[in-house]
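Hydrogens, waters and symmetry mates are skipped; everything else that's a heavy atom, side chains included, is used.
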Amino acid sequence: MKVAVNEQQLRAEIKKWKEEGLTIGLCPTMGFLHEGHASLMAASAASCDRTVASVFVNPTQFGPNEDLESYPRDFEADCRLLESKGVDLVFHPEPSDMYEDDFCTYVDVDVLSKTLCGESRPIHFRGVCTVITKFLNLVKPDRIFFGKKDAQQLAVVRRMVRDLNFDVEVVGCPIVREPDGLAKSSRNTYLNDKERQAALILYKSICLGIELVEAGERNSEVLKAGMLDKLAEEPMADVEYVEVVDGSSMQPVETFKEGDLVAMAVRIGTTRLIDNFTAGENDIKAG
């Protein structure tokens, strides 16, 4: 496995692969990798000739009061996991390699980025779309892989790729969970023991929501009320939102259908956690 730390090194490897006619998969990450990230690498390695993973904590998607400086990092451990999952090249640039001092060009997907996480993190998806656009231009992959835990991000990137005519297939991979159901996240490391136990309320609420959907419920307000009642059972849970939105537009719906998204953001202590499920999908299982 090779490591490229700047654009020139990355382009040199990509050029060779393209000349050989090889297919390329891209797995964008911010590092501090876990089994959820590993599933993306495995999916890429299984369907592409070569896999590139980025390990880059992207500053443009963090707001002024968010955890950019404290975001967990362990590049050596990341490389061990990446190599074990068949990654061929890691792109690990410094922020100064990605953004010049006078950088002023951004990619912003309207509408989809304004709801859910976009309400409390107004610049987040602009930063995501900008860095993904840069990665797509640099790597020119055939497929790009994202986890469904970040469902709004996946929807935003799908729309950006469609609207801007990028020649790439966007692949969404299932949420990977801990044995007790908590969705895998790099931010789980922020939780102390008591908070970690309290965080299970997200999974319990997700399970209740799925039960209601499978029982035939299609009224968004009834579904949200049931899930909010479940979340209220945990005193440490500070709910930012529970919403039911159209699976493509990320806009709220009164009556939901198969393929629509049920999403939540909840703070446990100072840690912001997200989780979701898609109506009609039955792949929400604890590890």
Side-chain angles (χ1 to χ4, degrees), residues 27-41 53-82 92 94-95 116-125 127-128 131 146-154 173-207 227-228 230-243 262-277 284 286-287:
C27 303
T29 85
M30 293 206 301
F32 211 72
L33 305 179
H34 51 66
E35 289 88 342
H37 297 108
S39 71
L40 309 183
M41 318 305 163
S54 65
V55 175
F56 178 62
V57 181
N58 176 37
T60 64
Q61 67 191 66
F62 287 79
N65 298 313
E66 294 181 343
D67 58 342
L68 172 60
E69 296 305 321
S70 62
Y71 193 85
R73 296 162 169 86
D74 190 343
F75 185 61
E76 290 185 5
D78 290 343
C79 285
R80 291 193 294 270
L81 183 146
L82 293 172
H92 183 52
E94 293 294 327
L116 304 179
C117 291
E119 287 195 20
S120 62
R121 307 183 73 191
I123 70 166
H124 174 70
F125 290 111
V128 169
V131 79
F146 293 93
K148 291 183 179 179
K149 182 176 75 69
D150 298 299
Q152 187 176 16
Q153 172 179 273
L154 177 59
C173 297
I175 296 172
V176 177
R177 297 180 179 276
E178 301 283 358
D180 58 10
L182 184 66
K184 296 273 189 178
S185 171
S186 300
R187 289 188 169 94
N188 290 350
T189 59
Y190 296 161
L191 301 168
N192 62 35
D193 290 345
K194 188 175 181 180
E195 291 168 341
R196 175 63 178 77
Q197 189 63 31
L200 295 179
I201 197 64
L202 279 80
Y203 181 60
K204 293 174 182 177
S205 179
I206 290 288
C207 290
M227 295 175 68
L228 285 166
K230 175 58 70 174
L231 289 165
E233 295 176 6
E234 174 49 63
M236 296 183 71
D238 180 11
V239 180
E240 181 177 309
Y241 68 77
V242 176
E243 294 291 346
V262 183
M264 67 173 69
V266 179
R267 287 190 183 275
I268 304 292
T270 60
T271 304
R272 184 179 186 274
L273 303 174
I274 60 174
D275 207 339
N276 69 79
F277 71 93
I284 309 299

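- Taken from CD in Glu243 to CE in Met227, the straight-line distance is 10.5 Å, to the nearest 0.5 Å.
- Pairing each heavy atom of Ala237 with each of Ile268, the nearest pair is CA-CD1, 3.8 Å.
- Between the CG atom in Asp238 and the OG1 atom in Thr270 there is a gap of 11.5 Å [rounded to 0.5 Å].
- In plain terms, the two heavy atoms of Ile274 and Cys117 that are nearest each other are CG2-SG, 4.1 Å.
- Atom-to-atom distance recorded for Gln153:CD and His124:NE2 is 5.5 Å, nearest 0.5 angstrom.
- Note that OH of Tyr241 and CG of Leu228 are 12.5 Å apart. Values are rounded to the nearest 0.5 Å.
- Rounding to the nearest 0.5 angstrom, the gap separating the CE atom in Met30 from the CG atom in Leu68 is 8.5 Å.
- Distance NE2/His37 to NZ/Lys184: 11.0 Å, rounded to 0.5 Å.
- Residues passing the side-chain contact (heavy atoms from CB on, under 4.5 Å) test with Pro95 are Phe56, Pro59, sequence neighbours excluded.
- Evaluation of the side-chain hydrogen bond (donor to acceptor under 3.5 Å, both in side chains) rule for Lys230 yields Glu233 as partners, not counting sequence neighbours.
- Residues that satisfy the side-chain contact (heavy atoms from CB on, under 4.5 Å) test with Glu69, not counting sequence neighbours, are absent from this structure.
- Asn276 places a side-chain N or O within 3.5 Å of a backbone atom of Lys149 that can act as its donor or acceptor partner.
- Taking every heavy atom of both residues into account, Glu119 and Pro122 meet most closely at O-CD, 4.4 Å.
- Residues passing the side-chain hydrogen bond (donor to acceptor under 3.5 Å, both in side chains) test with Ser39: none are found, sequence neighbours excluded.
- For Asn188 (side chain) and Leu273 (main-chain N/O), no donor-acceptor pair under 3.5 Å exists by modelled atom type.
- The side-chain contact (heavy atoms from CB on, under 4.5 Å) test applied to Arg187 returns Phe62, Asp67, Tyr71, Arg121, Ser185, Tyr190, Thr271, not counting sequence neighbours.
- Listed by chain and number, the residues in a salt bridge (Lys or Arg N to Asp or Glu O under 4.0 Å) with Glu94 amount to none (sequence neighbours excluded).
- Checked against side-chain hydrogen bond (donor to acceptor under 3.5 Å, both in side chains), Glu234 has no partners two or more places apart in sequence or in another chain.
- With sequence neighbours left out, Phe75 forms a ring pair (Phe, Tyr, Trp, His ring centres under 6.0 Å) with His92.
- Counting heavy atoms from C-beta on, the side chains of Met264 and Ile206 come closer than 4.5 Å.
- Not a single side-chain hydrogen bond (donor to acceptor under 3.5 Å, both in side chains) links Thr189 to another residue, sequence neighbours left out.
- Taking a cutoff of 4.0 Å between a charged side-chain nitrogen and a carboxylate oxygen, Arg80 and Asp74 do not qualify as a salt bridge.
- Across Gly147 and Leu40, no two heavy atoms sit closer than the pair N-CD2, 3.7 Å.
- Other residues, nucleotides and ligands contribute more than 12 heavy atoms inside 6.0 Å of the CD atom of Glu240.
- Partners of Leu82 under the side-chain contact (heavy atoms from CB on, under 4.5 Å) rule, at least two apart in sequence or in another chain, are Met1, Leu33, Met41, Ala53, Val55, Val87, Val90.
- Listed here is the closest heavy atom pair of Arg272 and Ser120: NH2-OG, 3.6 Å.
- The main-chain N or O of Gly127 is found under 3.5 Å from a side-chain atom of Asn58 such that the two form a donor-acceptor pair.
- Considering only heavy atoms from C-beta on, Asp275 stays 4.5 Å or farther from Val266 through its side chain.
- Sorted by first and then second residue, the salt bridge (charged side-chain N to carboxylate O under 4.0 Å, His left out) pairs with a member in residues 194-204 read Asp180-Arg196; sequence neighbours excluded.
- For Ala198 against Met236, the heavy-atom pair with the smallest separation is CB-SD, 3.8 Å.
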